[in-house]
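A quick write-up on the structure given underneath.
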2 protein chains.
Amino acid sequence: MAERLSLQELADELNVSTSTISRVMNDKPGVGEKTRNRVLKAIKKYNYVSNSSARSLKTSKTGNIALLSRKRKERLISADYFQRSIIYIERELRKRSYHTIAMSLDDEEMENSSDLLMLKEKRVDGFIIRGPAIKPKFILDLKNSGLPVVLFGNELKQTEIDCVVCQDRKGTYNITKHLIEHGHKKILFLSGPEGWYTTDERKAGYSDALKEAGLTSRIINMTDTTIDTGKTFFKEAIKNTHPEITAVVAVNDSTAIGVLDEARCLGIKVPEDIAVVGFDDITWASLSYPPLTTVHAFLEEMGKITISRLLDLLEDPNLHPAKHIITTSLVIRKSCGC
Amino acid sequence: MAERLSLQELADELNVSTSTISRVMNDKPGVGEKTRNRVLKAIKKYNYVSNSSARSLKTSKTGNIALLSRKRKERLISADYFQRSIIYIERELRKRSYHTIAMSLDDEEMENSSDLLMLKEKRVDGFIIRGPAIKPKFILDLKNSGLPVVLFGNELKQTEIDCVVCQDRKGTYNITKHLIEHGHKKILFLSGPEGWYTTDERKAGYSDALKEAGLTSRIINMTDTTIDTGKTFFKEAIKNTHPEITAVVAVNDSTAIGVLDEARCLGIKVPEDIAVVGFDDITWASLSYPPLTTVHAFLEEMGKITISRLLDLLEDPNLHPAKHIITTSLVIRKSCGC
DNA sequence: CTGTTAGCGCGTTCAT
DNA sequence: ATGAACGCGCTAACAG
C-alpha cells in the first residue's frame with residue numbers, strides 16, 4: 001500500500017490550503033462548489049483519510065467507546081449472551097463511526113479503577129458497562145472521570161445513572177405465575193448474590209407472584225449464577241433443605257441449565273418430577289434437554305438503546321439520567337411441563 | 001475528578017522543562033538522580049498520565065490492536081470459543097499495555113476492506129484475525145497495509161503469513177482412529193465448506209485415519225459449521241444418502257451438538273445407535289446430552305503465542321513469517337460409546 | 001470564498 | 001544534566 005498522505009501533502013498537490021481540505025473533509029461551509037469538487041475528487045483518488053491521532057489531539061474526541069465486562073472465574077456460561085451483546089454493540093457503534101475497545105476486568109482490576117489507563121489517557125470518549133456483577137465504586141469512579149457512562153443490564157441503587165435493563169421483575173413474575181397456574185405450589189427460587197441488580201429484581205418478581213397466590217416463598221441465594229452454582233445449590237436443596245419442591249425458578253438460564261444437568265445426575269426427571277424455568281433465553285436454552293422454558297430478553301434492542309443514549313450523552317453531557325426498561329416475553333418450551 | 005494535567009503544566013509546577021519529565025516518563029537516561037526522584041514523586045502525586053493522542057501523533061504508535069472476527073448469520077454456536085479467545089487475548093494484550101479494538105465483520109464488510117477506516121486512520125498498530133472463514137483477499141489487503149497481521153485458527157494457502165493454529169489434522173486423525181479402534185467401520189465426516197483452513201485440515205485427518213485402516217471415506221461438505229447445518233445435513237445423510245453409518249465425526253463441536261439434537265428428534269440413540277464426536281471442546285461439549293467426546297484445543301495457549309508473535313512483529317516487521325501449531329488432546333466422554 | 005497562523009500535548013533533536 | 005525549540009497532522013480563529 002502506498003504511503004499515507006498527510007493533509008499538507010494533499011494540499012500541496014492541489015495547490016489549496018490545508019484548511020480548505022479540512023473544511024471539505026468535515027463537510028463544512030465556506031468552500032466554493034468548484035473547489036469542493038476538485039478536493040473531493042482528489043480525496044478519492046489519493047484515498048486520503050485523516051490521521052486519527054492528530055484529529056483526536058485537536059478535537060479531544062477519540063472516536064472510541066470502551067465496553068467493559070466482568071470476567072468470571074467459573075465455567076463460561078453466559079458466553080452467547082456476552083457474544084450477542086458485544087457483537088451487536090460493536091457493529092452498531094461502528095455504523096456511527098465509533099470503534100469499540102473491549103475489556104474484561106476481574107474483581108481485582110476493578111478495585112484499582114485508578115489503574116485504568118484509558119480513563120486518563122483520553123483513549124475513549126465514553127463507557128458502556130455490561131452486567132450486574134460490577135462494584136458500584138468502580139462505576140462511580142468511571143462516572144467521576146467526567147466521561148459519559150451507560151450501564152447495560154444493571155442499575156445503581158443509590159446514584160442516578162443512565163442504564164438500560166429488561167423487565168427483570170415483571171418477566172420473572174410472569175414465568176412464576178405461569179408455573180402457579182399450572183398447579184405448582186412449592187416453588188424454589190435459585191437466586192444470585194444479594195445486591196446484584198438483576199438478581200434482586202428477579203427475586204422480587206418471584207416474590208410478587210407467590211405473594212399474589214398466597215404461597216410460601218422458598219429462596220436460596222447462591223454465590224454466583226453459573227451452571228456450577230446451579231448444580232451445587234440445587235443438589236443441596238433437593239437433598240436437604242427443600243426436598244418437597246415441584247418446581248424451580250432459576251435466576252438465569254445458566255443456573256437453570258445447571259439444574260437440568262444435576263437433575264439428570266440425580267435421576268430426577270424434568271419436567272415430570274420437577275419443572276425448571278430460567279431467564280434470558282440464551283441460545284442454549286433451546287438446545288438443552290429438555291428445552292428450557294424461559295424469559296426472552298431482547299438484547300439487540302437493549303444494545304441499540306444503550307448506544308443511542310451514550311451518543312446523546314456525548315453530545316450533551318448534561319442530560320438528566322434516564323432508566324430504560326425493555327419488554328421481555330415468555331418462551332414456553334418443555335422444561336415447565338405444559 | 002480533577003482536570004487532567006498536561007506535560008507543560010506539570011513542568012511549570014516543578015520548575016523543570018517538559019523534556020525532563022518526558023525523559024523520566026519514558027525511562028530514558030539523561031536525568032540526575034535527584035531530579036528524577038522529584039519528578040517521579042510529582043507524577044504520582046498529580047496522577048499524571050500522558051495524553052495518548054499526542055503520544056501517538058508523535059511516536060506513530062497507537063497502543064491499539066485490532067481483533068477481527070467474522071460475524072455469522074446463523075444461531076451463535078461457537079459463542080464460548082469466541083468469548084474465551086477474545087477475553088484471553090484482550091487481557092493478555094492489556095498486561096502489555098495494549099488495548100483491544102474488537103470488530104465482527106460480515107462477508108460484505110470484508111469485501112470492502114478499503115472501508116476499514118482503522119487501517120488508514122492509523123488507529124491500530126496491528127491485526128489479529130480470528131477464525132477460518134475469512135476471505136484471503138481481506139487478509140492480504142490488511143497485510144498490504146504494512147501493519148503486522150497474525151492469523152488465529154487459520155492459514156493462508158498461497159501466501160506465507162504468520163499464523164497460530166492447533167493440530168487440526170492430527171487431532172481429527174486421533175479421534176477418528178479412536179472410533180475405528182472401537183470397531184466402527186462406516187464413519188461419516190461432516191465437513192464445512194471447502195477452502196476453510198480448519199475444515200480442510202480436519203477432513204484430511206479423517207481421511208488419513210480411514211485410509212490407514214483401509215475403510216471407505218464418507219464425507220459431506222456442509223455450507224457452514226453450525227448447530228443448524230449439523231442438524232440439517234445429518235438428517236439428510238441418515239435418511240437418504242448414508243443410512244448405514246454407525247458413527248459421525250463432526251468438524252467441530254457445534255456441528256456435533258446439532259447432530260445430537262437432531263438424533264434426539266429422530267429417535268436415534270447416541271451412542272447406542274450412532275457414535276458422535278466433535279472438535280474444539282467448547283464449554284457446552286461437557287454439558288450436552290450425552291456429554292461429547294471431542295478434541296480439546298488449547299485456546300489460551302494459542303492466544304498467548306498469537307500475542308507474543310504480534311508484539312515481536314511490532315518491534316521488527318521484517319521477521320520471516322512463521323506458523324505455530326499447538327498440540328491438541330483427546331477428551332473421551334459419553335457420545336462415542338466407550 | 002480562501003489562506004495564514006496558532007496551537008492541541010507530546011518526544012526529540014540540538015544547544016548549553 | 002538540563003532546557004529551548006521544533007514538528008507530528010490536524011482544526012479553528014482570524015485575515016483578507
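A note on names: the letters A, B, ... follow the listed sequences, proteins ahead of strands, and every chain is numbered from 1. These numbers were taken from a predicted model, which means no experiment stands behind them.
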In sequence, state the C-alpha distance, the side-chain angles, and the governing distance for A/Glu121 and B/Arg55, and then conclude on salt bridge (charged side-chain N to carboxylate O under 4.0 Å, His left out). CA-CA 10 Å; A/Glu121 271 189 333; B/Arg55 196 156 18 86; 3.2 Å; yes
Looking at residues 11-30 of chain B, who's got a heavy atom less than 4.0 Å off DNA chain C? B/Ser19, B/Ser22, B/Arg23, B/Asn26, B/Lys28
Under 4.0 Å from any heavy atom of chain B: name the first and the last nucleotide of DNA chain D that qualifies, 5' to 3'. D/dA1 to D/dG9
Between A/Asp106 and A/Arg70, does any side-chain N to carboxylate O distance fall below 4.0 Å? no
Checking B/Tyr46 now: which residues fulfil ring-ring contact (aromatic ring centres under 6.0 Å, His included) with it, not counting sequence neighbours? none
Criterion side chain to side chain contact (heavy atoms under 4.5 Å, CB included) against A/Ile65, the qualifying member of A/Val124, A/Ile307, A/Leu314: A/Leu314
How large an angle, rounded to 10°, do the end axes of the helix from C/dC1-D/dG16 to C/dT16-D/dA1 enclose when each is built from five base pairs? 40°
So which one's nearest nucleotide on DNA chain C is more toward 5', B/Ser6 or A/Arg36? A/Arg36
In terms of heavy-atom contacts, does NZ of A/Lys34 have more than 12 from other residues, nucleotides or ligands at under 6.0 Å? no
Return the value, rounded to whole Å, for the distance between atom CG of A/Leu57 and atom C1' of C/dC10. 8 Å
Main chain of A/Lys61, side chain of A/Ser56: is a donor-acceptor contact present, judged purely on distance under 3.5 Å? yes
How many whole angstroms separate atom CD of A/Glu33 from atom C1' of C/dC1? 12 Å
Any ion pair linking A/Lys95 and A/Glu92 (charged N to carboxylate O, less than 4.0 Å)? yes
Whole-Å distance separating the NZ atom of B/Lys58 from the C1' atom of C/dG7: 15 Å
In whole Å, what is the span from the CG atom of A/Asn51 to the P atom of C/dC8? 18 Å
By a strict heavy-atom criterion of less than 4.0 Å, which residues belonging to residues 37-47 of chain A are in contact with DNA chain D? none
Given B/Lys137 and B/Glu111, is the salt bridge (charged side-chain N to carboxylate O under 4.0 Å, His left out) satisfied, shown in steps? CA-CA 8 Å; B/Lys137 178 180 182 315; B/Glu111 293 293 337; over 6 Å; no
Ion pair present between A/Lys71 and A/Glu109, side-chain N to carboxylate O less than 4.0 angstrom? no
Could you check whether any side-chain heavy atom of A/Leu68 comes within less than 4.5 Å of a side-chain heavy atom of A/Ile134, counting everything from C-beta outward? no
Classify A/Thr35 by what it touches in the nucleic acid, base, sugar-phosphate, or nothing, heavy-atom distance under 4.0 Å. sugar-phosphate
Residues which pass side-chain contact (heavy atoms from CB on, under 4.5 Å) with B/Lys143, listed by chain and number, not counting sequence neighbours: B/Val149, B/Ile161
